[in-house]
Amino acid sequence: MSSISKSAGKITTHVLQKMKNNKEKIAMLTAYDYSMARLLEMAGMEVILVGDSAANVMAGYKTTLPITLDHMIYHASSVVRAVERALVVVDMPFGTYQGNSKEALHSAIRIMKESGADAVKLEGGQEIVDSVDRILTAGIPVMGHLGLTPQSINKFGTYAVRAMEEEEANRLAKDALILEKTGCFAIVLEKIPAALAANVTKSLKIPTIGIGAGHDVDGQVLVLHDMLGITQQFSPRFLRRYHNLSMEITTALERYINDIKSLDFPNDKEQY
Ligand code: KIV
């Protein structure tokens, strides 16, 4: 089967739709800075998410709530400068779109204008539809995000799996259809039962991207620092670690310190 992604130039929302239609899985990962985004681009990542998880992994906050619109624009513009092909999606931070669709439009326009990104992502279902609708009127593509939505952690009280009960599962399935009808081009499904994610994926024409949502979704996303093993304290069941970079980096740093202390660095060839 020929690959839609490989034969595409710039990845657009239309390419992602064709990939779903062709049953071709979508690869998405977070990035928050130029150097990492460059590596993702070189590896052929289709979607790069400038996630508000930057609040956790870049700034050390406990939740994603404190990150601001200015911070997100700074991270997003750094990523955009590294990328030519991948679709760059930017999380709208907490407090910039909920309950006020005019403010949502203003925030989304700032992200697009000041960072040069391709799309924005918002957390929530029915309750944010007015904001999604208004952002779409400006021609800005919107990705939805359902299930464990970290900006609502104070309401949930825990990062446990969502939609285990029938009522919440039904609401999520309905929200997914509402987001599709409103015009979202894709939906992230975070930490929900695999069977529910599979049913939602089947019920939608647009692609779903899972994180802790099993394999019967149209694509997968992880947080870059988690899958590379840079962060260590976070190890949910769904996280596959592809490297233990924290160990490799600390070993290199210790060698550097030792080389300085032992007068090995710099040597004669490393000076002018
Ligand atoms: O902020 C983020 O990194 C995300 C992903 C976990 C989907 O929203």
Side-chain angles (χ1 to χ4, degrees), residues 16 25-33 36-37 40 45-69 71-76 78-79 86-98 107-108 111 115 117-125 128 132 141-153 156 159-163 172 176 179 184-192 197 200-201 206-214 217-228 230-231 233-241:
L16 299 186
K25 297 284 185 184
I26 298 164
M28 170 163 147
L29 203 55
T30 63
Y32 319 102
D33 65 69
M36 286 294 191
L40 267 64
M45 201 63 57
E46 279 127 6
V47 185
I48 300 181
L49 172 66
V50 185
D52 59 356
S53 50
N56 310 117
V57 294
M58 301 301 285
Y61 288 114
K62 284 205 162 53
T63 73
T64 57
L65 274 63
I67 202 159
T68 66
L69 194 55
H71 293 147
M72 289 304 295
I73 290 169
Y74 167 77
H75 288 298
S78 309
V79 166
L87 184 87
V88 179
V89 182
V90 182
D91 261 337
M92 293 191 62
F94 175 68
T96 65
Y97 63 92
Q98 296 96 337
S107 309
I111 290 174
S115 76
D118 301 307
V120 295
K121 174 163 85 59
L122 281 70
E123 295 182 6
I128 56 141
V132 172
V142 177
M143 178 180 270
H145 184 157
L146 295 170
L148 177 62
T149 46
Q151 292 178 14
S152 301
I153 185 58
F156 297 150
Y159 286 100
V161 183
R162 301 306 311 175
L172 188 147
L179 290 176
C184 285
F185 71 88
I187 301 177
V188 167
L189 298 174
E190 180 164 353
K191 219 170 174 187
I192 61 170
V200 169
T201 300
I206 58 171
T208 57
I209 312 284
I211 171 165
V217 286
D218 301 306
Q220 298 290 334
V221 59
L222 285 175
V223 169
L224 176 70
H225 291 62
D226 296 335
M227 61 86 78
L228 287 181
I230 298 174
T231 48
Q233 60 278 44
F234 181 69
S235 32
R237 189 200 296 192
F238 67 77
L239 175 61
R240 184 178 294 182
R241 283 199 204 284

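Bear in mind the structure is a predicted one, so any value in this text is a computation, not a measurement. Quick note: numbers below take in every heavy atom, side chains included, and nothing from hydrogens, waters or symmetry partners. We count ligands from 1, going down the list as the structure has it; atoms in each ligand are counted the same way.
You'll find the side chain of Met72 reaches within 4.5 Å of the side chain of Asp52, heavy atoms only. Side-chain contact between Tyr159 and Thr63 is present, with heavy atoms from C-beta onward closer than 4.5 Å.
Ring-plane geometry between His225 and Tyr32 is classed as tilted, the angle between the planes lying from 30 to 60 degrees on a 0 to 90 degree scale.
At under 3.5 Å, a nitrogen or oxygen of Asp91, whether backbone or side chain, sits near a nitrogen or oxygen of ligand 1. Between Lys121 and ligand 1, an N or O atom pair is found at a separation short of 3.5 Å. Looking at Glu190 next to ligand 1, no N or O pair under 3.5 Å apart turns up. Looking at ligand 1, you'll find an N or O of Ser53 within less than 3.5 Å of one of its N or O atoms.
Close contacts of ligand 1 with Thr30, meaning ligand atoms under 4.0 Å from a residue heavy atom, involve 3 (O). Interface of Gly51 with ligand 1, defined as ligand atoms under 4.0 Å from a residue heavy atom, comprises 1 (O), 2 (C), 3 (O). Near Asp52, meaning under 4.0 Å from any of its heavy atoms, are these atoms of ligand 1: 1 (O). Under a 4.0 Å criterion applied to the non-hydrogen atoms of Val223, ligand 1 contributes the atoms 3 (O). Remark: ligand 1 atoms within the under-4.0 Å shell around heavy atoms of Ile211 are 6 (C).
When each of Leu172, Val217, Ile211 is checked for a side chain to side chain contact (heavy atoms under 4.5 Å, CB included) with Ile192, only Leu172 meets the rule.
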Please step through side-chain hydrogen bond (donor to acceptor under 3.5 Å, both in side chains) for the pair Asp226 and Thr231, ending with a clear verdict.
CA-CA 5 Å; Asp226 296 335; Thr231 48; 2.4 Å; yes

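When the shell of 6.0 Å around OH of Tyr74 is examined, it contains 12 or fewer heavy atoms from other residues, nucleotides or ligands.
Residues Thr68 and His71 bring a donor and an acceptor atom of their side chains to less than 3.5 Å of each other.
From the protein, the heavy atom lying nearest to atom 7 (C) of ligand 1 is Leu49 CD2, 3.8 Å.
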